[in-house]
Amino acid sequence: MVAGSIAIEEISKELIQSRDLGVTEEGERLIELQIGPTHPGSGHMRIRVWVDGDIIVRCDPDIGFVFRTIEKLSENRIYMKTIPLVERPSLLDTTPMTIGYVNAIEKLMGIEPPPRAKYLRTILAEITRIASHLYGIGILAIFLGHSTGFMWGFGDRELFVELANQLSGARITYAYVIPGGVRRDMPQSFPDNVEKALRYMERRLKDWYKIFLNNPVIEDRLREVGILRKNDAVKLGITGPNLRASGVDFDVRVADPYEAYDELEFMVPVAEEGDAYARTLVRFEEIKQSINIIRDALRKMPSGDIIHPQIARMFNPLMKKIYEETRRVKFPGIFASLKPPKGEATARVEAGRGEALFHIVSDGSPRPYRFRWTTPSYRNVILFKYLIPGHRLADLPAIYGSLDYFPPEADR
Amino acid sequence: MASQQPQIPQQRLALGKALEELAARLSEHLKGVATRVEADKRSMVINIEVDRSRILEAAKILSSLGFDHVKSLTGVDYPDKGVIELMVHIGSYSRGLRRIMVILRSKLDRKDPRAPTLTQIWPSSEFQEREAWEMFGIVFEGHPDLRRLLLPEEFEGLWPGRKDFEIPTRKAGEVEEPWK
């Protein structure tokens with residue numbers, strides 16, 4: 001009997017020691033909770049939190065559940081085949097990513113697309129930005145138990161997905177941007193349809209403010225929750241709306257203009273509070289600015305080619321005929337054996353969630369020697385570790401939703 | 001439109017000049033620390049190459065000049081030269097410098113790549129260093145929490161970011177049978 005009880009004691013001791021049960025200074029035990037990786041509130045990630053009562057004292061994000069090794073895969077593919085690949089991780093916000101990757105190739109090759117192609121790229125990028133923000137807001141709404149916001153977000157998003165479909169021929173993954181231009185011109189009915197959708201969205205935004213932003217329950221859940229101070233945001237290298245909600249007016253579209261952004265009129269919304277509410281507000285204001293950009297771009301749209309003359313010169317007669325009649329680019333052979341000269345190029349873009357950075361090292365072969373890509377969600381994931389501790393467990397979904405974090409984008 | 005088009009090249013020209021001036025100023029600040037300071041006008045970046053032992057020193061100088069966050073930190077593998085290049089993209093959120101990025105580079109020995117951690121200077125590099133360690137095996141000395149970030153905890157084998165890592169493949173229809 002005695003021997004048996006010792007064995008039980010030893011086993012229980014071993015069990016307790018082998019598990020990470022931290023103890024607070026007062027000698028109380030912390031409880032470790034695992035949220036995810038298949039929890040509807042966590043996305044494809046695991047959040048390990050240690051709670052004291054219901055106060056979170058430590059948070060450890062565990063990402064990588066949808067890791068796709070895109071950087072490594074691109075080293076084994078020709079340049080063109082990586083274009084659809086960079087769209088996959090951030091499925092809601094695909095065009096800015098392809099623009100960044102293609103810009104890096106264009107810098108290596110030393111070519112610049114014609115103005116009309118730049119404007120078309122800009123318009124599609126802004127359409128996806130609106131769609132991406134509506135998705136983010138919808139997800140935040142369902143995290144807070146506001147199902148109407150979820151349904152409205154996804155319903156309104158459909159409009160912009162449809163617009164992108166009309167322009168590029170695909171709903172989500174467009175692969176519209178190619179080195180030297182875009183794949184096809186906009187259809188004739190496109191400007192009218194855009195105007196209709198933008199007017200609808202403007203009307204709808206007023207309803208959004210009524211039902212969501214000025215809703216006392218939402219305000220209670222979001223105001224003064226997850227406050228990110230300006231200094232911390234800079235120190236942690238946060239990017240996108242999360243940074244601008246903390247009072248830093250950094251936007252790549254203004255800081256390092258690409259495509260047609262230096263010719264278009266828009267503002268960069270900035271808030272000072274840095275809390276979850278400010279982050280949501282900034283995203284709403286960005287939708288308004290994207291509407292302005294699309295209108296301005298359609299007004300100033302120049303006529304002319306949509307592909308660089310150096311590439312158009314390589315069209316065979318049939319391709320030329322198709323291009324002239326339907327304004328669609330059939331890929332000439334150069335795209336299969338695209339060999340940018342030796343060298344390195346860096347490009348950056350402002351995607352829906354913030355700054356994405358692309359760096360290509362080329363050794364003169366048809367495949368990139370090394371392709372480095374950091375996405376905004378990847379840079380923002382550090383916030384889980386530093387922003388969430390100190391809050392109550394019930395605030396975790398509110399903060400998570402307000403960060404507009406998209407796990408596949410972080411994992412790449 | 002017609003009035004706006006000619007402005008762009010001029011703007012870029014002016015920017016290129018500003019970039020070169022900044023590179024010249026940086027090379028003065030980094031005298032004796034950096035082996036190469038070079039402006040890349042095409043990408044609007046300044047390449048700074050330093051010796052492994054001088055990484056921290058260069059980082060401190062850059063940080064004091066206003067470069068306040070790390071945008072990317074990674075390695076580039078050159079097996080022929082026996083070198084892994086540490087490549088750090090550093091940016092700034094302050095008004096005067098936001099247009100420009102600095103790439104801090106340092107060549108590390110491929111057999112035993114070691115570098116001092118930059119987390120003390122730029123906390124934004126914490127997760128990026130974890131990724132660089134699991135992909136390239138670069139050991140960041142003094143890093144507070146050097147664990148795997150993207151790969152599974154039980155992952156074994158070579159460093160997957162390096163060139164000699166082959167992506168495991170199997171034929172169509174072939175089933176992995178871990179139970180055998």
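Order of the sequence lines sets the chain letters (A, B, ...), proteins ahead of strands, with each chain counted from 1.
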Taking all non-hydrogen atoms of both residues, which atom of [X] and which atom of [Y] are closest, and how far apart?
{"X": "T346(A)", "Y": "S43(B)", "value": "N-OG, 3.0 Å"}
{"X": "R379(A)", "Y": "V70(B)", "value": "NE-O, 4.3 Å"}
{"X": "R95(B)", "Y": "D249(A)", "value": "NH2-OD2, 3.0 Å"}
{"X": "P123(B)", "Y": "L236(A)", "value": "CB-CD2, 4.2 Å"}

Proximity breakdown for [X] and chain B, heavy-atom pairs closer than 4.5 Å:
{"X": "A255(A)", "answer": "both"}
{"X": "T239(A)", "answer": "both"}
{"X": "V66(A)", "answer": "neither"}
{"X": "V234(A)", "answer": "both"}
{"X": "L357(A)", "answer": "side chain"}
{"X": "L243(A)", "answer": "side chain"}

[options]: which one forms the most heavy-atom pairs within less than 4.5 Å of chain A?
{"options": "R148(B), K71(B), E126(B)", "result": "K71(B)"}
{"options": "D68(B), V45(B), L149(B)", "result": "L149(B)"}
{"options": "D145(B), L150(B), N47(B), L151(B)", "result": "L150(B)"}

Within a reach of under 6.0 Å around [atom1] of [X], are more than 12 heavy atoms found that belong to other residues, nucleotides or ligands?
{"X": "K72(A)", "atom1": "NZ", "result": "yes"}
{"X": "E265(A)", "atom1": "CD", "result": "no"}
{"X": "R229(A)", "atom1": "CZ", "result": "no"}

For [Y], is there an ion pair with [X] - N to carboxylate O distance below 4.0 angstrom?
{"X": "D60(A)", "Y": "R147(B)", "answer": "yes"}
{"X": "R372(A)", "Y": "E131(B)", "answer": "yes"}
{"X": "E344(A)", "Y": "R42(B)", "answer": "no"}
{"X": "D256(A)", "Y": "R98(B)", "answer": "no"}

| request: Indicate the ring-plane relationship of H69(B) and F250(A), choosing parallel, tilted or perpendicular according to the 30° and 60° boundaries. | output: perpendicular
| Which is it for F127(B) and F384(A) under the ring-ring contact (aromatic ring centres under 6.0 Å, His included) test, yes or no, and what are the steps along the way? | CA-CA 12 Å; F127(B) 280 47; F384(A) 282 92; 9.3 Å; no
Of the backbone (N, CA, C, O) and the side chain (C-beta and beyond), which part of [X] lies under 4.5 Å from a heavy atom of chain A, both, or neither?
{"X": "S92(B)", "value": "backbone"}
{"X": "P152(B)", "value": "neither"}
{"X": "I121(B)", "value": "neither"}

| Measuring from R370(A):CZ to Y78(B):OH, what's the distance to the nearest 0.5 Å? | 9.5 Å
| field | Atom pair NZ (K41(B)) and NZ (K107(A)), whose distance is rounded to the nearest 0.5 Å | value |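 Reported value, rounded in 0.5 Å steps: 14.5 Å.
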| query | Does the cation-pi check pass for K163(B) over Y369(A), that is, NZ or CZ under 6.0 Å from the six-membered ring centre and within 45° of its axis? | reply | yes
| said: Could you tell me if the side chain of E71(A) sits less than 4.5 Å from the side chain of M135(B), heavy atoms only? | reply: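 Answer no - side chains too far apart.
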| P257(A) and R99(B), any side-chain heavy atoms less than 4.5 Å apart | yes
| Which of N76(A), D62(A), I238(A) touches chain B most, by non-hydrogen pairs under 4.5 Å |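 Looking at each option in turn, the highest pair count goes to I238(A).
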| request: Verify side chain to side chain contact (heavy atoms under 4.5 Å, CB included) between Y378(A) and Q128(B), making sure each step is shown before the conclusion. | output: CA-CA 9 Å; Y378(A) 175 58; Q128(B) 313 232 12; 3.8 Å; yes
| message | Determine whether H359(A) and I103(B) satisfy the following criterion, side chain to side chain contact (heavy atoms under 4.5 Å, CB included), listing intermediate values before the conclusion. | response | CA-CA 11 Å; H359(A) 186 98; I103(B) 307 182; 3.8 Å; yes
